[in-house]
Engineer: 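Once you've had a glance at the structure underneath, I'll fire off some questions.
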Amino acid sequence: MRDEPASLTNSEPYAFATAGEGLASPRDYFELLKPRVMSLVIFTALVGLVRAPGDVHPVIAFTALLCIAVGAGAAGALNMWWDADIDAIMSRTRKRPVPSGRVSAREALAFGLTLSAFSVVVLGLLVNALSGALLAFTIFFYVVIYTMWLKRSTPQNIVIGGAAGAFPPLVAWAAASGTVSLEPVLLFAIIFFWTPPHFWALALYRADDYARAGVPMLPVTAGPDETRLQILLYTLFLVPLAASPAVLGYAGLAYGAVAVLAGAWMIMLAWRVYRRREGDAAVKAAKSLFGFSIVYLFALFATLLGEAVIGGLLR
């Protein structure tokens, strides 16, 4: 297992959690699933499911969404198990179930592995093998590639690791159609390129937290100015990419309008982050971009969902 930072030697919450004396409640186990992340996973997967060609039986659709949600939660629990040492240092994460001592590290590991196996096996057997394999790879990528390897070894951690959060619509599309095509790949790409500016905006005003924990986020290793430049460059690439489904005929005029208008606002906020580099103005700019980036992604996928539902009703 990985070495623990020296600053953890006096970390009583983490020592208590690993002692197996957790006082866990159902709410603590629910928190292990990272419900906020899970809600985004469910939503983007639903869009992939609805926009896939053909009709999907409601039971199959429910099973697919349930398994994708459980798989995402399992990955979150395994992430909290592995990252308990650094979570105990960071103010943003020290109250999580494992570092706070409410759930032991062993319990979190068992919980995550059990849910992982359940979600992959059920999806593979009851829906189709392709979606089950993609879900298994998603969990593996998030836990092993991102959490265990990239997060602590490279400032590009969130760039490459962002692929894990981009897989759900691809998994759902495969569950509904048994295949993968260009449209779900575009959905994957939008989330993939959205992730760096989203998380780097957060990292700008949480840089001290990451530095204390020894996590090589870009603001820590390259500095805030380089991070601001990278946020702007990624955003300039993301916005036309996000509009491409309308250009290629995969989405309608409503989606095109939302992509252009919301994209213009996203670029403006990224430019503001790039220009405002000191004091409260810089922090406010980063927080504004972080908050709007969530709205931006939601607006894109909500419009795709709305167009698919309305189109289905009009058929």
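Small disclaimer: the values here were computed from a predicted structure and weren't measured.
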Engineer: With a 6.0 Å cut-off on ring centres, are Phe141 and Tyr146 close enough?
Structural biologist: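 When the ring centroids of Phe141 and Tyr146 are compared, they turn out to be at least 6.0 Å apart.
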Engineer: Under the criterion side chain to side chain contact (heavy atoms under 4.5 Å, CB included), I'd like the reasoning laid out for Ser119 against Ile68: C-alpha separation, chi angles, the key distance, then a yes or no.
Structural biologist: CA-CA 7 Å; Ser119 61; Ile68 292 170; over 6 Å; no
Engineer: In sequence, state the C-alpha distance, the side-chain angles, and the governing distance for Val143 and Asn79, and then conclude on side chain to side chain contact (heavy atoms under 4.5 Å, CB included).
Structural biologist: CA-CA 6 Å; Val143 175; Asn79 170 270; 5.8 Å; no
Engineer: Check whether any side-chain heavy atom of Thr303 sits under 4.5 Å from a side-chain heavy atom of Leu300, and report yes or no.
Structural biologist: no
Engineer: Using every non-hydrogen atom in the two residues, find where Ala74 and Gly112 come nearest and quote the distance to one decimal.
Structural biologist: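 The pair with the smallest heavy-atom distance is CB-O, 3.4 Å.
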Engineer: From Cys67 SG over to Leu135 CG, what is the distance, rounded to the nearest 0.5 angstrom?
Structural biologist: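 Result: 7.5 Å between the selected atoms.
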Engineer: If you round to the nearest 0.5 Å, how far is CD of Glu183 from OH of Tyr250?
Structural biologist: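 Reported value, rounded in 0.5 Å steps: 7.0 Å.
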Engineer: For Lys34, what residues pass the salt bridge (charged side-chain N to carboxylate O under 4.0 Å, His left out) criterion, not counting sequence neighbours?
Structural biologist: none
Engineer: Mind checking the CH2-OG1 spacing from Trp200 to Thr195? Nearest 0.5 Å is all I need.
Structural biologist: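 Between Trp200 CH2 and Thr195 OG1, I get 10.5 Å after rounding to 0.5 Å.
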Engineer: Where is the tightest heavy-atom contact between Gly132 and Val120, given as atom of each residue plus distance?
Structural biologist: O-CG1, 3.7 Å
Engineer: Would you confirm whether Glu307, through its side chain, and Tyr255, through its main-chain N or O, come within 3.5 Å as a donor-acceptor pair?
Structural biologist: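 It does hold such a pair.
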Engineer: Measure centre to centre between the rings of Phe111 and Trp81, then say whether the value is under 6.0 Å.
Structural biologist: no
Engineer: Please determine whether residues Leu134 and Leu125 belong to a single hydrophobic cluster, defined as Ile, Leu, Val, Met, Phe, Trp and Tyr linked transitively by side-chain heavy-atom distances below 4.5 Å.
Structural biologist: no
Engineer: Are Phe30 and Leu33 close enough that some pair of their side-chain heavy atoms sits under 4.5 Å apart?
Structural biologist: yes
Engineer: Would you say Ile190 and Trp173 are hydrophobically clustered, going by side-chain heavy atoms of ILVMFWY under 4.5 Å?
Structural biologist: no
Engineer: For the residue pair Asn157 and Thr154, confirm or rule out a side-chain donor-acceptor distance under 3.5 Å.
Structural biologist: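 There is no such pair (donor and acceptor under 3.5 Å, judged by atom type) between the side chains of Asn157 and Thr154.
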Engineer: Between Arg96 and Glu31, does any side-chain N to carboxylate O distance fall below 4.0 Å?
Structural biologist: no
Engineer: Should Ile89 and Asp209 count as side-chain neighbours, where that means a heavy-atom distance under 4.5 Å?
Structural biologist: no
Engineer: Given side chains that start at C-beta, do those of Phe43 and Leu65 come closer than 4.5 Å, heavy atoms only?
Structural biologist: no
Engineer: Return the OG to CZ distance between Ser91 and Arg212, rounded to the nearest 0.5 Å.
Structural biologist: 5.5 Å
Engineer: Is there a donor-acceptor contact under 3.5 Å linking the side chains of Ser25 and Arg27?
Structural biologist: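 Note: Ser25 and Arg27 side chains miss the donor-acceptor criterion.
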Engineer: Would you say Asp28's side chain and Val103's backbone share a donor-acceptor pair under 3.5 angstrom?
Structural biologist: no
Engineer: Test of understanding: clusters of I, L, V, M, F, W, Y form through side-chain heavy atoms closer than 4.5 Å, transitively. Do Leu238 and Val273 belong to the same one?
Structural biologist: yes
Engineer: Any chance CZ of Arg277 has more than 12 other-residue heavy atoms, nucleotides or ligands included, within less than 6.0 Å?
Structural biologist: yes
Engineer: Does the pair Leu204 and Arg228 meet the rule for a side chain to side chain contact (heavy atoms under 4.5 Å, CB included), with working shown?
Structural biologist: CA-CA 8 Å; Leu204 276 174; Arg228 292 184 177 96; 4.0 Å; yes
Engineer: Specify whether Phe188 and Phe192 have parallel, tilted or perpendicular ring planes, treating 30° as the upper limit for parallel and 60° as the lower limit for perpendicular.
Structural biologist: parallel
Engineer: What verdict does the side chain to side chain contact (heavy atoms under 4.5 Å, CB included) test give for Val144 and Trp149, after you've listed the backbone C-alpha separation in whole Å, the side-chain angles of each residue and the deciding distance to 0.1 Å?
Structural biologist: CA-CA 6 Å; Val144 178; Trp149 176 31; 6.0 Å; no
Engineer: For this output row, return yes or no: ring centroids of Phe199 and Phe290 closer than 6.0 angstrom.
Structural biologist: no
Engineer: Working to the nearest 0.5 Å, report the span between CZ of Arg272 and NZ of Lys284.
Structural biologist: 8.0 Å
Engineer: In the structure I gave you, are the side-chain heavy atoms of Leu269 and Thr235 within less than 4.5 Å of one another anywhere?
Structural biologist: no
Engineer: Should Phe237 and Ile231 be regarded as members of a common hydrophobic cluster, given that ILVMFWY residues are connected when their side-chain heavy atoms come within less than 4.5 Å of each other, either directly or indirectly?
Structural biologist: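 Yes, it is one cluster - the side chains of Phe237 and Ile231 are joined through contacts under 4.5 Å.
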Engineer: Determine whether Arg92 and Tyr210 satisfy the following criterion, side-chain hydrogen bond (donor to acceptor under 3.5 Å, both in side chains), listing intermediate values before the conclusion.
Structural biologist: CA-CA 10 Å; Arg92 184 174 65 90; Tyr210 288 112; 3.2 Å; yes
Engineer: If you round to the nearest 0.5 Å, how far is OG1 of Thr227 from CG of Leu218?
Structural biologist: 3.5 Å
Engineer: For the residue pair Leu187 and Thr44, establish whether any side-chain heavy-atom pair is separated by less than 4.5 Å.
Structural biologist: no
Engineer: Salt bridge or not for Asp83 and Arg152, using N-O below 4.0 Å?
Structural biologist: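 Looking at Asp83 and Arg152, the cut-off is met.
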Engineer: Any sub-3.5 Å donor-acceptor pair from Ser244's side-chain atoms to Val247's backbone N or O?
Structural biologist: no
Engineer: Show, in sequence, the C-alpha distance, side-chain angles and deciding distance for Arg94 and Asp87, and conclude whether the salt bridge (Lys or Arg N to Asp or Glu O under 4.0 Å) test is met.
Structural biologist: CA-CA 5 Å; Arg94 64 172 55 135; Asp87 282 350; over 6 Å; no
Engineer: Are Trp194 and Val260 co-members of a hydrophobic cluster defined by side-chain heavy atoms under 4.5 Å apart?
Structural biologist: no
Engineer: At their closest point, which heavy atom of Phe292 faces which heavy atom of Ala262, and how far apart are they?
Structural biologist: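 Smallest interatomic distance, heavy atoms only, reads CE2-O, 3.6 Å.
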Engineer: Search all heavy atoms of Pro168 against all heavy atoms of Val41 and return the closest pair with its distance.
Structural biologist: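 Closest heavy-atom pair between Pro168 and Val41: CG-CG1, 3.7 Å.
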Engineer: Does the side chain of Met90 come within less than 4.5 Å of Thr93's, by heavy atoms?
Structural biologist: yes
Engineer: Minimum heavy-atom separation for Pro245 and Leu241, please, with both atom names.
Structural biologist: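 Nearest heavy atoms, Pro245 then Leu241: CD-O, 3.6 Å.
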Engineer: Compare all side-chain heavy atoms of Leu78 with those of Leu109 and state whether any distance is below 4.5 angstrom.
Structural biologist: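 Sidechains of Leu109 and Leu78: in contact.
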Engineer: Locate the shortest heavy-atom distance separating Ala259 from Ala242; write the atom from each residue and the value.
Structural biologist: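 Between these two residues, the closest heavy atoms are CB-O, 4.0 Å.
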